[in-house]
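The next block holds one structure in the form of structure tokens; read it before the comments.
A, B, ... follow the sequence lines: proteins, then strands. Residue 1 opens every chain.
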Number of protein chains: 2
Amino acid sequence: MTLSEENYLKAIYHISDTCEGGISTNAIAEKMNTKASSVTDMIKKLSEKGLVNYKRYKGSELTAEGKLIATNIIRKHRLWEVFLVEKLNFTWDEVHDVAEQLEHIKSEKLIDQLDEFLGFPKRDPHGDPIPDKDGNVSDNADVLLVTLDKNEKGIIVGVKDSSSSFLKYLDKQGIALGKKIKVIDKEPFDNSMKIRIKKEEFMISQQIANNICIKK
Amino acid sequence: MTLSEENYLKAIYHISDTCEGGISTNAIAEKMNTKASSVTDMIKKLSEKGLVNYKRYKGSELTAEGKLIATNIIRKHRLWEVFLVEKLNFTWDEVHDVAEQLEHIKSEKLIDQLDEFLGFPKRDPHGDPIPDKDGNVSDNADVLLVTLDKNEKGIIVGVKDSSSSFLKYLDKQGIALGKKIKVIDKEPFDNSMKIRIKKEEFMISQQIANNICIKK
DNA sequence: CTCTTTTTTTAGACAAGACTAAAAATTAAA
DNA sequence: TTTAATTTTTAGTCTTGTCTAAAAAAAGAG
Ligand SMILES: [Mn+2]
Ligand SMILES: [Mn+2]
Ligand SMILES: [Mn+2]
Ligand SMILES: [Mn+2]
């Protein structure tokens, strides 16, 4: 597995999570910040290797083997993120870029021992589940904040967007994993909402509410 | 810096340690397990970038800038080796290959925090000094075991060969860093020697004695 | 059902890094 | 000091992964 192949598999896996069916070449190109023609080339190679199913003009999807490789990389990514936050004093908005590099380190013992060293964590600093070695991912039955109605309550358990700017915004507002949240009011016009966290009330836009995961 | 460029700089740095003057193209090729023609190409590129001084047919040596990059990679390599042994239960013969990968991870904060997390170690699991951020390496005034005379004593402080097979041999013989050692007898014919460690006496060949560093 | 727009694939080119084979420079030998 | 051996460089090729431009297929509009 080259670094590039691994990144393609991971991208396809992540896209598959959101939309159903065969993944379009353009969707992959957009996620990878590359051109569709490059994607076609790589997809062909991965298809040769039996890691994706591909029919010309019909899009692609991961095989079982491809999916296992993808989840393994995601497992490594998220374990490293936990390590960086728990052991090396990184904040949750700083870890992603470094984890993008660390996820490609090849050593089974390394990742097993890291897992143990961290106490077999179940989730990464952004609330995302850490796959096990066989590729099983505990799918969260969580719900987006935007779907809560007026007066509903819940606990913040994750974020969908892990960009530094978004996470820093959350920090500034005092929005963090584990906090209790209540929807005080909802503006139908733009779907913005007034929320309460720890007795403080403030407005957030729909875009924000769209990227916060809640357990009711 | 690409991965390949970094590895070349590191190789040149390590060769410079042993022999003096300009490093020959062939020496680099041998260390990197590549061909001389590939080395010439890369040396030219590094020369363009001001990281090595190079004159056709005259060999190459690192500039101050090139040396700083090299020591920084070695710093990372050795810190990761400490991490693997101290925190993740790796043995000293298992760490090198993983550290070869980890040394290329780019994040200043990562390595600073790792250094602190490990308690600012001075040496790696093989007794090699860990360079500081400015490229200063505490050069050891240590001596090779092979140079000790009959009845001389010392403490084992390092190994020159970090190959798995050599380290496993040492483990089997009970030879480890920090142990006191005494030369009981020396065979002039083949330079093998009888040594004592913790009341146990046994023979070792010159090749072994050549790769063990001693502080008298 | 035909024409247009969008998506996807092909064809051809390029940069990085490596290799082989051959030429040039240096070093060693006679 | 000429010749022979060795070292180093050049020339040309290959693979990986990327790109642009153009062709082909699929999807949408009227
Ligand atoms: Mn991440
Ligand atoms: Mn994450
Ligand atoms: Mn090492
Ligand atoms: Mn070492």
Distance, rounded to the nearest Å, where [X] contributes [atom1] and [N] contributes [atom2]:
X       : N      : atom1 : atom2 : answer
A:Asp41 : D:dT20 : CG    : P     : 14 Å
A:Ile28 : D:dT18 : CD1   : P     : 13 Å
A:Lys44 : C:dT8  : NZ    : C1'   : 10 Å
B:Ile43 : D:dT8  : CD1   : P     : 11 Å
A:Glu30 : C:dT6  : CD    : P     : 16 Å
A:Lys35 : C:dA13 : NZ    : C1'   : 15 Å
A:Leu3  : D:dT16 : CG    : C1'   : 12 Å
A:Asn7  : D:dT16 : CG    : P     : 17 Å

- Task: Quick one: which residue pairs count as a salt bridge (charged side-chain N to carboxylate O under 4.0 Å, His left out) with a foot in residues 19-35 of chain A, not counting sequence neighbours?
- Result: none
- Message: Filter on salt bridge (charged side-chain N to carboxylate O under 4.0 Å, His left out), then keep only pairs touching residues 80-91 of chain B, sequence neighbours left out; what's left?
- Response: none
Is there a side-chain contact between [X] and the phosphate of [N], meaning an N or O under 4.0 Å from OP1 or OP2?
X       : N      : answer
B:Ser4  : C:dA18 : yes
A:Ser37 : C:dT9  : no
B:Tyr8  : C:dA18 : yes
A:Thr40 : C:dT9  : yes

- Message: Nearest to the A:Asn26 side chain among D:dT18, C:dT7, C:dT9, which nucleotide is it?
- Response: C:dT7
- Name the closest nucleotide to the A:Thr34 side chain, picking from C:dA18, C:dA21, D:dT18. D:dT18
For residues 115-124 of chain B, tabulate all N or O donor-acceptor pairs below 3.5 Å that involve a side-chain atom, not counting sequence neighbours.
unit_1   : atom_1 : unit_2   : atom_2 : d
B:Asp115 : OD2    : B:Arg75  : NH2    : 3.2
B:Lys122 : NZ     : B:Phe120 : O      : 3.3
B:Arg123 : NH1    : B:Gly127 : O      : 2.5
B:Asp124 : OD1    : B:His126 : N      : 2.7
B:Asp124 : OD1    : B:Gly127 : N      : 3.1
B:Asp124 : OD1    : B:Asp128 : N      : 3.0

- What residues, two or more places apart in sequence or in another chain, satisfy salt bridge (charged side-chain N to carboxylate O under 4.0 Å, His left out) together with B:Glu100? B:Lys10
Please list every donor-acceptor pair under 3.5 Å in which a side-chain atom of residues 206-216 of chain B meets a protein atom from a residue at least two apart or in another chain.
unit_1   : atom_1 : unit_2   : atom_2 : d
B:Asn211 : ND2    : B:Gln207 : O      : 3.0
B:Lys216 : NZ     : B:Glu152 : OE2    : 3.3

- Message: Please report whether the ring centroid of A:Phe83 lies less than 6.0 Å from that of B:Phe83.
- Response: yes
Show the atom names and distances, to 0.1 Å, of all donor-acceptor pairs under 3.5 Å that link a side chain in residues 64-71 of chain B to residues at least two apart or in another chain.
unit_1  : atom_1 : unit_2  : atom_2 : d
B:Thr71 : OG1    : B:Lys67 : O      : 3.1
B:Thr71 : OG1    : B:Leu68 : O      : 3.0

- Residues which pass side chain to side chain contact (heavy atoms under 4.5 Å, CB included) with A:Asp41, listed by chain and number, not counting sequence neighbours: none
- Task: Using a strict 4.0 Å threshold on nitrogen-to-oxygen distance, state whether B:Glu5 and B:Lys49 make a salt bridge.
- Result: yes
Between the protein and nucleotides 22-28 of chain C, list the N/O to N/O atom pairs that are separated by less than 3.5 angstrom.
unit_1 : atom_1 : unit_2  : atom_2 : d
C:dA25 : O4'    : B:Tyr57 : OH     : 3.4

- Message: Can you list, in residue-number order, the parts of residues 14-25 of chain B that come under 4.0 Å of DNA chain D, counting heavy atoms only?
- Response: B:Ser24, B:Thr25
